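On a predicted model such as this, the values are computed, not experimentally measured, just so you know. Chain letters run A, B, ... following the sequence lines, proteins first, then strands; residues in each count from 1.
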Number of protein chains: 2
Amino acid sequence: MASTVAPHQKQFIEEFGNLYAAYGLKRLNGLLIGLLLSSEGPLSLDEISTVLNRSKGLISDATRRLNVLGYIKKIEGPESRKDYYTADADIFINVFHFNMQTVRKNLEIADRFQHELERQPKKDAGRWKTNLSVMNAFYKQMSDFYDGFEDLWNKKKKEL
Amino acid sequence: MASTVAPHQKQFIEEFGNLYAAYGLKRLNGLLIGLLLSSEGPLSLDEISTVLNRSKGLISDATRRLNVLGYIKKIEGPESRKDYYTADADIFINVFHFNMQTVRKNLEIADRFQHELERQPKKDAGRWKTNLSVMNAFYKQMSDFYDGFEDLWNKKKKEL
DNA sequence: CCTTGCGTTTAGAAAAAACTAAACATTCTA
DNA sequence: TAGAATGTTTAGTTTTTTCTAAACGCAAGG
């Protein structure tokens, strides 16, 4: 497998890095995922390390984490005892699940503090109360929407 | 206005800080927004600075940025020339718009590189091509969903 | 004008994150 | 069983981010 990469693949990888960075995630994770998405076959640690120009230890750590998150997959190398990595087919939905968690967390917080304020009614918390119910309504709707989204995607995926 | 804060408001503020941090955004922004959401009236720079225990310069900078993003609003103080800040009523939808941008960016990238690969057909880019079309389909659907979400929310907001 | 009360900018300190190089552990191979 | 090829852990360095303290600028009121 080539340890270097064509110009527009390089560009794609960079875009992914930037995307992840802009999103607050680790730039390196973006680079890694961009690389695996645009590579024909699975890549070894050393290959990734060379292309991305990072030390082996760092890549070892990054791949392990991304593997746990379900963003990339470890492949048993056929011949040697090398590990090979490839982008998980469900990577997009898995990243989406991460977002979903945040939405659920928002909803949970709104709920919790709404109950808190009811249980122990404070004067001068009118604004807070109002904000909590808007927050609750918003993330409830979003949560429902996300469920709908996932159902639809699962159907569409079968067609592809 | 009180320069200190009840225990469970403190807790709410912390939750918001953690939420933002977990999302990759600045923890301080979360704290600030949590504070404003749970405060009865607008707060001055100095009050925010005291409650969050950060220097005035830092808070000055943070508020200005959040104001530009539309997450918080500057209120003209009636008596003095102090600036007062409050959480924008549309804060949740505005944060949502930020996500939307990322989704659109993903879609744009998928599109762009699909065209790139067509224009200049590489052999051994089968995997990349497949991934791009999955990516395209995924973020297209998500983009559509987001539009639908926003329409529905605008309707629901009128009821509240 | 001079002073006072405010928000902003800035230089640099402190803390956190990203990264490297090297030691280490494990497993295969000869 | 020694050597080679691998992935992991660790200690420490570099880079980036966050934050403070103080200087600054500007407007209002005497």
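Residue Leu52(B) contributes atom CG, which lies 10 Å from atom P of dT20(D) at whole-angstrom precision. Following rounding to the nearest Å, Leu66(A) (CG) and dT8(D) (P) show an atom-to-atom distance of 13 Å. Rounded to a whole Å, the CD1 atom of Ile48(A) is 12 Å from the C1' atom of dG7(D). Summarising the geometry, the separation between CD1 on Ile59(A) and P on dT20(C) is reported as 8 Å, rounded to the nearest angstrom. One interatomic measurement links the two molecules: NZ of Lys74(A) to P of dG7(D), which rounds to 8 Å at whole-angstrom precision. One interatomic measurement links the two molecules: CG of Leu32(A) to C1' of dC19(C), which rounds to 14 Å at whole-angstrom precision. One interatomic measurement links the two molecules: NZ of Lys82(B) to C1' of dA27(D), which rounds to 16 Å at whole-angstrom precision. For the pair Lys56(B) NZ and dC6(C) P, the computed distance is 8 Å after rounding to whole Å.
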Donor-acceptor contacts under 3.5 Å from residues 20-37 of chain A side chains, at least two apart:
{"from": "Tyr23(A)", "atom 1": "OH", "to": "Asn99(A)", "atom 2": "OD1", "distance (Å)": "3.2"}
{"from": "Tyr23(A)", "atom 1": "OH", "to": "Asn99(A)", "atom 2": "ND2", "distance (Å)": "2.8"}
{"from": "Tyr23(A)", "atom 1": "OH", "to": "Tyr23(B)", "atom 2": "OH", "distance (Å)": "3.2"}
{"from": "Arg27(A)", "atom 1": "NH1", "to": "Asn18(A)", "atom 2": "OD1", "distance (Å)": "2.7"}
{"from": "Arg27(A)", "atom 1": "NH2", "to": "Glu14(A)", "atom 2": "OE1", "distance (Å)": "2.8"}
{"from": "Arg27(A)", "atom 1": "NH2", "to": "Asn18(A)", "atom 2": "OD1", "distance (Å)": "3.4"}

Just distance, no hydrogens or angles: give the donor-acceptor pairs under 3.5 Å from side chains in residues 153-160 of chain B, sequence neighbours left out.
{"from": "Asn154(B)", "atom 1": "ND2", "to": "Glu150(B)", "atom 2": "O", "distance (Å)": "3.3"}
{"from": "Lys157(B)", "atom 1": "NZ", "to": "Asp90(B)", "atom 2": "OD1", "distance (Å)": "3.3"}

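The aromatic ring centroids of Phe12(B) and Phe16(B) lie less than 6.0 Å from each other.
Contact check for Thr86(B) versus Lys74(B): no side-chain heavy atoms found under the 4.5 Å cut-off. Residues Tyr71(A) and Arg65(A) have side chains not in contact (no heavy-atom distance under 4.5 Å, counting atoms from C-beta outward). Looking at His8(A) and Leu117(B), their side chains come closer than 4.5 Å, going by heavy atoms from C-beta outward.
When distances are taken from the side chain of Leu58(B) to each of dC19(D), dC6(C), dT6(D), the shortest belongs to dC19(D). The Arg81(B) side chain lies nearest to dA27(D) when the options are dA21(D), dG7(C), dA27(D). When each of dG5(C), dT8(C), dT20(D) is scored by its nearest atom to the side-chain atoms of Arg64(B), the top-ranked nucleotide is dT8(C). With dG7(C), dG7(D), dA27(D) as the choices, the nucleotide that has an atom nearest any side-chain atom of Ser60(A) turns out to be dG7(D).
Within 4.0 Å (heavy atoms only), Leu45(A) reaches sugar-phosphate atoms of the nucleic acid but no base atom.
Judged by distance alone, the side chains of Ser39(A) and Arg127(B) never bring a donor and an acceptor atom under 3.5 Å apart.
At dC19(D), one or more side-chain N or O atoms of Arg54(B) fall inside 4.0 Å of OP1 or OP2 (strictly under the cut-off).
Scanning residues 17-31 of chain A for heavy-atom distances under 4.0 Å to DNA chain D yields an empty list.
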